[in-house]
Amino acid sequence: MSDLKEILVNKKNCKSIWFMRQAGRYLPEFRKIRLQNKDFIKLCLDSELSSEITLQPIKRFNLDSAIIFSDILMVPYALGQKVEFIKHMGPKLKEFNFNHFKNNNKKSFTQKLQPVYQAISKTRNKLCKEKSLIAFVGAPWTLLIYMLDLKLDKEKIDYQKIKLKREEIILILNKLNEYLFIHIENQINAGADVVQIFDSWAGLIRPEDFVNYCIEPNFKLVNLCKKKNIPVICFPRGIGRNYKKFNDVVRPNGLNIDYEVDPKWAKKNLKNVVIQGGLDPKILLNSEKDIMSSAKKYLDTFQDLPYVFNLGHGLLPSTDPDKVKKLIKFYRNY
Ligand code: CP3
């Protein structure tokens, strides 16, 4: 048995495999579509194409789960903040306007994201029933980083701004959570089987803010999914030893570890949760021998536990799809 949903719910000693960013730029069939669709947000709002892209890695590799082709930044987009993707620069959002943000309404939010929900329904209809369809959201803190343009460089943010605007930040995080509730509910109603919450920049939160900015918002989102009887996986990337505290308090069904987490430490400290991922996506740029021996380390460690094979962050655009195929074969033969 390899159905992700089953493993997350029953926590049986089974394995499953999918990859973060499995639908993306390393696939020539994706790049072909992308070349004809210069506006990334518009592409995410084309339910036919989004569904097709979602199924590309399933057709090519027969992975156990599909993750809907969309983006965490569809939420700021639907809240009226223009989002652009500039080549080699990443996402760029129009300047944040607090009054505009506050004046959003739930109906028009849902309306704007309707194509995402249609893509989920279409994909669920096409996907065989043994495979889970994963929907996702970005956690409020991670969305905030992009919405307020707080990034200084790749791994640094303007924390001074956060300290100065503490009250406003709490208001924004709470408001975002309200809209994420709606987005999660709508995705579940459209047919999603599992939800993953990406908190990609959780590792940048200072210790004194960790509970308010990471634990609290994730806890609320996890509880919503539980109430809806939908298993939920969290990915609070970069939080180190705080993975234990996160797991003990937030209690998600699944927890994706990043590549800085030692799998042996995770096995010992992360209890009553299905561990997912860990393998450094950069390893996939190395030799086959390297790839397999690194993958083996995770499979050996978690062999007597339920485990979802995945990465410690998303697949890199320069990954060779053939190496992905070989890795999957290695996993299947293990
Ligand atoms: O295959 C999948 O995983 C499903 C689709 C998916 C995308 N983005 C498509 C995408 C998912 C799950 C995401 C999540 C996402 N988006 C996160 C959280 C995970 C993470 O990587 O930390 C974040 C932070 C974003 C925001 C975002 N979107 C960035 C920073 C970028 C540009 C650089 C990059 O990492 O690719 C995007 C664009 C984006 N989202 C692309 C894809 C396939 C590339 C678009 C292109 O230029 O063709």
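Ligands are counted one by one from 1 in listed order, and the atoms in each one are counted from 1 as well.
Looking at N105, its side chain does come within 3.5 Å of a backbone N or O of K107 through a donor-acceptor pair. When atom types are taken as modelled, the side chain of S50 and the backbone of A119 share no donor-acceptor pair closer than 3.5 angstrom. Side chain of N253 to main chain of V232: a donor-acceptor pair is present (N/O by atom type, distance under 3.5 Å, no hydrogens or angles). The backbone N or O of M147 lies less than 3.5 Å from a partner atom in the side chain of Q81, making a donor-acceptor pair. Checked by atom type and distance alone, the side chain of T142 pairs as donor or acceptor with a backbone atom of S200 at under 3.5 Å. Judged purely by atom type and a 3.5 angstrom limit, K131 uses its side chain to pair as donor or acceptor with the backbone of L63. No side-chain donor-acceptor contact under 3.5 Å links N247 to the backbone of L270.
For atom 23 (C) of ligand 1, the closest heavy atom belonging to the protein is I72 CD1, 3.4 Å. Protein heavy atom nearest atom 10 (C) of ligand 1, with residue, atom name and distance: F40 CZ, 3.4 Å. Protein heavy atom nearest atom 4 (C) of ligand 1, with residue, atom name and distance: I68 O, 3.6 Å. Protein heavy atom closest to atom 7 (C) of ligand 1, with residue, atom name and distance, is S70 O, 3.2 Å. For atom 38 (C) of ligand 1, the nearest protein heavy atom (residue, atom name, distance) is F85 CE2, 3.3 Å. Among protein heavy atoms, atom 22 (O) of ligand 1 sits closest to S200 OG, 2.6 Å. With hydrogens left out, the protein atom closest to atom 3 (O) of ligand 1 is R21 N, 2.7 Å, a heavy atom. Ranking the protein heavy atoms by distance from atom 47 (O) of ligand 1 puts R34 NH2, 3.3 Å first.
Note: H183 and Y117 have tilted aromatic rings, judged against thresholds of 30 and 60 degrees for the angle between ring planes. Using a 30° and 60° split on the angle between ring planes, F40 and F85 fall in the perpendicular class, above 60°. Ring planes of F101 and F96: tilted class, angle from 30 to 60°.
In terms of N/O distances under 3.5 Å, ligand 1 is approached by A23. Between R25 and ligand 1, at least one N/O pair is under 3.5 Å apart. Polar contact with ligand 1: absent for T142 (N/O pair, distance under 3.5 Å).
Contacts between P317 and ligand 1 below 4.0 angstrom, taking non-hydrogen atoms only, are absent altogether. Contacts between P91 and ligand 1, counted as non-hydrogen atom pairs separated by less than 4.0 Å, involve the side chain only. In H313, the part holding a heavy atom less than 4.0 Å from any atom of ligand 1 is the side chain. Residue F235 does not touch ligand 1, judged by heavy-atom distances below 4.0 Å.
Checking each of D280, L279, I257, T319 against L311 for a side chain to side chain contact (heavy atoms under 4.5 Å, CB included) leaves exactly one that passes, namely L279.
Residue-ligand proximity, F69 to ligand 1, at heavy-atom distances under 4.0 Å covers atoms 43 (C). Within the listing of ligand 1, atoms 24 (C), 30 (C) sit less than 4.0 angstrom from a heavy atom of Y146.
For the residues L27, D71, I67, the heavy atom positioned nearest atom 16 (N) of ligand 1 is part of D71.
The shortest heavy-atom distance from G138 to ligand 1 is not under 4.0 Å.
Dense packing is recorded around NZ of K151, with more than 12 heavy atoms of other residues, nucleotides or ligands lying under 6.0 Å away.
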